Amino acid sequence: MQQHRTQVVIVGAGPAGMLLGLLLEKAGVDCIVLERRSREHVLSRIRAGLLEPGAVEFLRDSGVGERMDQIGRPRDGTRIAWQGRPSFMINVKKWTGLEMMAYGQTFLTEDLYSMREATGTPYFDQITDLEIEGIDGTRPEVSFTTAGHSVRVQCDFVIGCDGAQGPCSQLIPESIRQVYERKFPFGWLGIMVEAPPIDDFTYIRHETGFALAAQRTPMLSRYYVQSRLDEGPEAWSDDRFWDTFLGRCPPEIAAQVTTGPSIEKSLAALRSRVVEPMRWGRLFLAGDAAHVFPPTGAKGLNMALSDIQLLSAALIAHFSEKDDRLLDSYSADALSRVWAAQHLSWRMTKLLHIFPTDDPYDRKIRQAEYDLILKSEEVQRALAFEYAGLPNLRG
Ligand code: FAS
Ligand code: PHB
């Protein structure tokens with residue numbers, strides 16, 4: 001058993017864990033990052049694609065924004081196209097003066113991994129036998145196996161950045177832990193296509209279901225259609241996908257779409273989940289370990305970055321100034337942002353999807369909500385602020 005001592009152990013090397021590791025290392029706080037999958041597997045994941053203005057600013061301030069500013073694509077906002085109605089732009093730039101950024105999570109994760117290699121933050125991937133003890137004391141201990149060796153690490157804090165399926169949130173005693181969950185009765189079938197995207201990120205609402213046109217680069221497009229959960233990607237030929245997607249588009253949107261063969265196809269179930277509190281003793285949770293959002297509103301990755309903005313500042317204040325005020329308020333501060341983002345994600349998911357339980361009254365109510373958005377600049381302004389995530393990441 002190799003014995004080590006560090007200040008912070010980070011479990012999970014997705015965007016949350018890797019960014020936190022970099023920021024702590026930069027501030028002179030000793031940490032190690034533990035990942036159960038291989039580096040290649042983590043970097044192969046295809047997930048989010050749209051960054052909020054605050055997330056963009058935070059990544060720049062963190063020294064991680066160089067390639068984002070080179071190949072990322074600033075966006076004024078995201079369009080909603082509603083069957084039989086004029087389309088509407090959630091115009092973040094008009095109402096907040098700031099821009100969203102089209103920059104895939106895969107690119108961001110690559111940037112974080114490249115920076116880690118440059119800074120040398122200790123990182124172990126493909127770990128097994130993870131055990132975490134003593135989070136209710138002052139000296140938590142984390143043990144794991146890597147490359148056939150057993151390792152035990154004594155630390156001051158354990159940060160659960162282990163995503164929606166990770167073990168860390170379970171360490172909070174059941175008598176304390178509150179889990180709020182909402183499973184939606186559908187998923188998003190997503191494809192990646194090597195073809196030019198349409199101009200705007202566009203949410204599409206049609207009587208047969210939701211669709212989304214997204215983008216990664218000038219030659220890489222991402223598309224989604226609302227789909228049943230009992231049909232996996234193998235049930236979706238490219239022809240079936242394109243027939244469904246184009247069938248849901250208003251003609252003026254369909255005319256912009258360059259179809260093509262999919263180079264990736266996956267199904268993501270839609271659900272909301274929030275774990276409270278986001279701290280227990282010496283354990284802190286961040287990112288999907290604490291909260292999951294339906295992607296209608298592009299909050300998942302942005303809220304993971306929001307948590308890391310709060311938590312990195314709190315840990316650095318603890319170690320550099322022995323000031324625990326931010327650590328003590330982290331859970332409440334993070335959760336107030338999380339629930340605001342949950343509201344927006346829930347509201348947009350309800351508005352834009354077809355639910356099997358919908359009756360004619362439901363459909364009229366959603367139509368009325370969209371018509372109100374079309375008519376009212378006050379409602380448009382409020383929606384733009386919620387969508388942009390302000391004032392979340394800007395303090
Ligand atoms: P992550 O899940 O990215 O990373 C957690 C890491 O912890 C993983 O690498 C995992 O392997 C590791 N881990 C787990 N258990 C461990 C253990 N026991 N020991 C060590 N490591 C462990 N968000 C959007 O905004 N827009 C989208 O379109 C969108 N699409 C998504 C599609 C899918 C299929 C999924 C699953 C999520 C999607 N998200 C989307 C949300 C996603 O982007 C997350 O918000 C983002 O990955 C959060 O980052 P992390 O908190 O770092 O969690
Ligand atoms: C994406 O780019 O994959 C994306 C964009 C906006 C969303 C969800 C996903 O709301």
Side-chain angles (χ1 to χ4, degrees), residues 9-21 33-39 41-52 55 73 75 77-80 90 100-106 108-109 112-113 123-132 142 144-146 159-171 187-192 197 200-203 210 212-216 220-224 264 266-271 273 285-308 341 344-345 348-349 352 387 389:
V9 171
I10 299 167
V11 182
M18 282 308 257
L19 180 56
L20 180 60
V33 185
L34 306 178
E35 170 54 53
R36 74 177 170 176
R37 307 302 296 261
S38 70
R39 176 184 180 285
H41 178 89
V42 176
L43 291 174
S44 69
R45 288 183 185 131
I46 294 174
R47 290 190 178 165
L50 199 52
L51 295 174
E52 297 172 357
R73 306 170 83 200
R75 301 283 95 187
T78 296
R79 184 168 298 282
I80 299 180
I90 306 174
M100 306 291 282
M101 176 75 82
Y103 192 62
Q105 177 172 328
T106 310
L108 173 59
T109 309
L112 292 168
Y113 271 71
Y123 158 85
F124 298 88
D125 72 342
Q126 302 180 78
I127 70 153
T128 55
D129 313 318
L130 176 75
E131 284 188 25
I132 300 169
V142 180
F144 58 94
T145 302
T146 178
I159 315 299
C161 294
D162 50 332
Q165 314 300 333
C168 287
S169 65
Q170 311 290 323
L171 295 171
W188 283 13
L189 195 285
I191 67 169
M192 197 72 93
D200 297 326
F201 281 81
T202 305
Y203 296 120
F210 168 87
L212 166 59
Q215 50 195 263
R216 292 293 179 268
L220 197 58
S221 307
R222 183 135 180 88
Y223 293 98
Y224 301 91
E264 185 271 346
S266 54
L267 175 69
L270 267 63
R271 67 189 180 115
R273 184 173 187 266
L285 302 178
D288 277 21
H291 40 69
V292 175
F293 298 84
T296 339
K299 289 299 174 189
L301 174 59
N302 287 295
M303 290 313 296
L305 299 177
S306 173
D307 291 346
I308 298 307
L344 186 276
S345 306
M348 289 188 67
T349 301
L352 297 173
Y387 191 74

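Just follow the structure's listing: the first ligand is 1, and inside any ligand the first atom is 1. None of the values given here were measured: they were computed from a predicted structure.
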Within less than 4.0 angstrom of ligand 1, does Met18 place any heavy atom? no
Below 4.0 Å from ligand 1: does a non-hydrogen atom of Glu35 turn up there or not? yes
Can you list the ligand 1 atoms lying under 4.0 Å from a non-hydrogen atom of [X]?
X: Ala298; value: 25 (O)
X: Gly287; value: 51 (O)
X: Gly12; value: 6 (C), 7 (O), 12 (C), 21 (N)

Roughly how far, to the nearest 0.5 Å, is the [atom2] atom of [Y] from the [atom1] atom of [X]?
X: Leu189; Y: Ser266; atom1: CG; atom2: OG; value: 7.5 Å
X: Leu50; Y: Tyr103; atom1: CG; atom2: OH; value: 14.0 Å
X: Ile46; Y: Thr109; atom1: CD1; atom2: OG1; value: 11.5 Å
X: Tyr224; Y: Thr296; atom1: OH; atom2: OG1; value: 10.5 Å
X: Trp188; Y: Thr349; atom1: CH2; atom2: OG1; value: 7.0 Å
X: Ser345; Y: Leu270; atom1: OG; atom2: CG; value: 10.0 Å

With the side chain counted from C-beta on, respond yes when [X] and [Y] share a heavy-atom pair under 4.5 Å apart, and no when they do not.
X: Tyr203; Y: Arg79; value: no
X: Met192; Y: Leu220; value: yes
X: Phe293; Y: Leu344; value: no

Ligand 1 contact on [X] by region, counting heavy-atom pairs under 4.0 Å:
X: Leu50; answer: neither
X: Cys161; answer: backbone
X: Arg45; answer: side chain
X: Gln105; answer: side chain

Looking at ligand 2, would [X] count as a contact under a 4.0 Å heavy-atom criterion?
X: Arg47; answer: yes
X: Tyr387; answer: no
X: Arg216; answer: yes
X: Thr78; answer: no

For [X], the ligand 2 atoms whose distance to one of its heavy atoms is below 4.0 Å:
X: Tyr203; result: 6 (C), 7 (C), 10 (O)
X: Ala298; result: 6 (C), 7 (C), 10 (O)
X: Phe201; result: 2 (O), 5 (C)
X: Gly49; result: 1 (C), 2 (O), 3 (O)

Donor-acceptor contact present, side-chain [X] to main-chain [Y], <3.5 Å:
X: Lys299; Y: Tyr387; value: yes
X: Asn302; Y: Leu51; value: no
X: Ser38; Y: Gln126; value: no
X: Asp162; Y: Cys168; value: yes

Please list the nearest protein heavy atom to [atom] with its residue and the distance rounded to 0.1 Å.
atom: atom 14 (C) of ligand 1; answer: Asp162 O, 3.1 Å
atom: atom 3 (O) of ligand 2; answer: Tyr224 OH, 2.6 Å
atom: atom 34 (C) of ligand 1; answer: Ala268 CB, 3.9 Å
atom: atom 40 (C) of ligand 1; answer: Ala48 CB, 3.9 Å
atom: atom 4 (C) of ligand 2; answer: Leu212 CD2, 4.0 Å
atom: atom 16 (C) of ligand 1; answer: Arg36 CD, 3.6 Å
atom: atom 32 (C) of ligand 1; answer: Arg47 CG, 3.9 Å
atom: atom 18 (N) of ligand 1; answer: Pro167 CD, 3.4 Å
atom: atom 4 (O) of ligand 1; answer: Gly14 CA, 3.5 Å

Intermediate values then yes/no, side chain to side chain contact (heavy atoms under 4.5 Å, CB included), Leu34 and Leu130: CA-CA 9 Å; Leu34 306 178; Leu130 176 75; 4.0 Å; yes
Do Arg39 and Tyr123 pass the side chain to side chain contact (heavy atoms under 4.5 Å, CB included) test, and can you show the C-alpha distance, the side-chain angles, and the key distance before you say yes or no? CA-CA 10 Å; Arg39 176 184 180 285; Tyr123 158 85; 3.7 Å; yes
Working for side chain to side chain donor-acceptor pair (under 3.5 Å), residues Arg73 and Gln215: CA-CA 9 Å; Arg73 306 170 83 200; Gln215 50 195 263; 2.8 Å; yes
Min N/O separation [X] to ligand 1 under 3.5 Å:
X: Arg37; result: no
X: Gly300; result: yes
X: Ile127; result: no
X: Ala16; result: yes
X: Asp288; result: yes

Worked verdict on His291 versus Asp307 for side chain to side chain donor-acceptor pair (under 3.5 Å): CA-CA 10 Å; His291 40 69; Asp307 291 346; 2.5 Å; yes
Using a 4.0 Å heavy-atom cut-off, say whether Trp188 meets ligand 2 through its side chain, its backbone, both or neither. side chain
Thr296-ligand 2 polar pair, N/O distance under 3.5 Å: no
Among Ser345, Pro295, Ala214, Ala102, which one has a heavy atom closest to atom 10 (O) of ligand 2?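 Going through Ser345, Pro295, Ala214, Ala102 one by one, Pro295 has the nearest heavy atom to atom 10 (O) of ligand 2.
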Just do the side chain to side chain contact (heavy atoms under 4.5 Å, CB included) check on Leu20 and Ile159 with the steps written out, would you? CA-CA 9 Å; Leu20 180 60; Ile159 315 299; 3.6 Å; yes
With side chain to side chain contact (heavy atoms under 4.5 Å, CB included) as the test, would you mind laying out the steps for Thr78 and Asp200 before giving the verdict? CA-CA 6 Å; Thr78 296; Asp200 297 326; over 6 Å; no
